[in-house]
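So the structure is just underneath, and the comments pick up after that.
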Amino acid sequence: MPPRLPLPSIPLLTPLRPNCTPHALAPLTFLLPLNIRSYASPPQKKSPTNAKRRPQRTSFRQYDLKDVTQFSLIDAMRYLRAFEVGQDPFSTKYELAVKLHAMKNGPTIKTMVKLPKPVKTDIKVCVIAEGAAKEAALKAGAVAAGTEEIFEQIKNAGGNIPYTHILAHEPSYNLLLKARVAQILGPRGLMPSPKFGSVVTNPATAIKELTGKYDYRERLGVIRIAIGQLAFTEAELAKNISAFMNSVKKEIAMLQGRTEKEIVEVVLSTTRGPGFSLSGAVKPEAPEVEKAMEAAM
């Protein structure tokens, strides 16, 4: 009988699974809860219903003029001429800005004024007319006159309309309305209208009266207009300012029943110069001279 071979001794506490390294025993991260970062804004606290809100302004903002230095017309012209040294005295313009106390949603001022001394000499007038009125307008100085050819030119101009004023003869006004050019002329202030006197019965007479006559309108509570050339004398500029201010006051008076408007400040400037607030006096005040005259009397 062959001898028995000894059986291998296997300890009962020896694990039967393979040796596990620490890496193998690492926790399974996909089973852990995820930390999700939130990029949403934090919840805002609702304001109480009885909180007071700042009321919105119903009129354009105006500034206190107590600390503003104001100048007479002659002083302002002297300073502005110093800023425009070396510039062409005919192409450089004096500009006037009239600031109004006006409501934002109220009616605005838009009209024409005839100045005693013409400012612009490069006026180009176009007349919508036919027949004898067309020939009379061309003889009176209009650069162009007609109906269908003018309408086609306006449509094909691409916004570059070579006219400063457009008048319409009354019999041809309906043709202008049917031509559908109002959306082109309206934003540029060139659309003829009976309200503003640009629909006329006699184009030749209207062209002659147009010399020295200028449009102005109120925008954001301010009226701006070219009031003179740098070559104007003090007397010429004073007459233009007086005529313009009288026209503005007249328009304000006509709106008294509909809205409240009031002149707050008048500022004179030039093409390249700053603005000078006018005091309303033409000549500079000289209190030391007045005191000397009073002492002498």
[X] versus [Y], closest heavy-atom pair with distance:
X    : Y    : value
A206 : L167 : CB-CD1, 3.9 Å
A129 : A133 : CB-CB, 4.0 Å
V267 : G275 : CG1-CA, 3.7 Å
P116 : N240 : CD-OD1, 3.1 Å
S193 : Y173 : CA-OH, 4.3 Å
V113 : S247 : CG2-CB, 3.8 Å

In terms of side-chain geometry, is the basic nitrogen of [X] or [Y] positioned less than 4.0 Å from the acidic oxygen of its partner?
X    : Y    : result
R224 : E95  : no
E218 : K261 : yes
K134 : E149 : yes

Keeping [X] on the side-chain end and [Y] on the backbone end, is there a donor-acceptor pair under 3.5 Å?
X    : Y    : answer
E84  : R81  : no
E262 : H101 : no
K155 : A179 : yes
D75  : F71  : no
T271 : K93  : yes
H169 : T201 : yes
S72  : A281 : no
E130 : S172 : no

Do [X] and [Y] have side-chain heavy atoms sitting under 4.5 Å apart?
X    : Y    : value
K117 : L237 : no
I263 : K249 : yes
I184 : I161 : yes
V125 : V143 : no
I227 : L268 : yes
I166 : I150 : no

Next item on the list: Evaluate the criterion ring pair (Phe, Tyr, Trp, His ring centres under 6.0 Å) for residue pair Y216 and F244; output intermediate values, then yes/no.
Entry: CA-CA 10 Å; Y216 67 89; F244 173 67; 5.0 Å; yes
Next item on the list: Determine whether the aromatic ring centres of F232 and Y94 lie less than 6.0 Å apart.
Entry: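 No, the ring centres sit 6.0 Å or more apart.
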Can you hop from [X] to [Y] via hydrophobic side chains spaced under 4.5 Å?
X    : Y    : answer
M245 : M77  : yes
L115 : L278 : yes
Y214 : L190 : no
V266 : V222 : no
L138 : V127 : no

Item checked: Trace of the side-chain contact (heavy atoms from CB on, under 4.5 Å) decision for F151 with I128 -> CA-CA 9 Å; F151 302 151; I128 308 299; 3.9 Å; yes
Within a reach of under 6.0 Å around [atom1] of [X], are more than 12 heavy atoms found that belong to other residues, nucleotides or ligands?
X    : atom1 : answer
N156 : CG    : yes
E234 : CD    : yes
K250 : NZ    : no
Q256 : CD    : yes

Next item on the list: Specify whether Y79 and F276 have parallel, tilted or perpendicular ring planes, treating 30° as the upper limit for parallel and 60° as the lower limit for perpendicular.
Entry: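 Because their plane-to-plane angle is under 30°, the rings of Y79 and F276 count as parallel.
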Check: Which is it for M191 and L176 under the side-chain contact (heavy atoms from CB on, under 4.5 Å) test, yes or no, and what are the steps along the way?
Finding: CA-CA 9 Å; M191 182 63 187; L176 176 64; 3.9 Å; yes
With rounding to the nearest 0.5 Å, note down the distance linking [atom1] in [X] to [atom2] in [Y].
X    : Y    : atom1 : atom2 : result
R272 : L80  : CZ    : CG    : 12.5 Å
T111 : E251 : OG1   : CD    : 4.5 Å
N160 : R188 : CG    : CZ    : 8.0 Å

Checklist line | Between T92 and Q87, a side-chain donor and acceptor under 3.5 Å | finding: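 Absent: no donor and acceptor within the cut-off.
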Notebook entry, point to check: Restricting to pairs with a member in residues 158-183, which pass salt bridge (Lys or Arg N to Asp or Glu O under 4.0 Å), not counting sequence neighbours?
Noted result: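 For residues 158-183: none.
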Margin query: Using the rule given for side-chain contact (heavy atoms from CB on, under 4.5 Å), can you reason through Y163 versus Q153, listing the C-alpha separation, both sets of side-chain angles and the distance that settles it, and then say yes or no?
Written below: CA-CA 11 Å; Y163 311 121; Q153 181 186 11; 2.7 Å; yes
Next item on the list: Applying side-chain contact (heavy atoms from CB on, under 4.5 Å), run through E265 and L100 and close with a yes or a no.
Entry: CA-CA 7 Å; E265 185 183 11; L100 304 175; over 6 Å; no
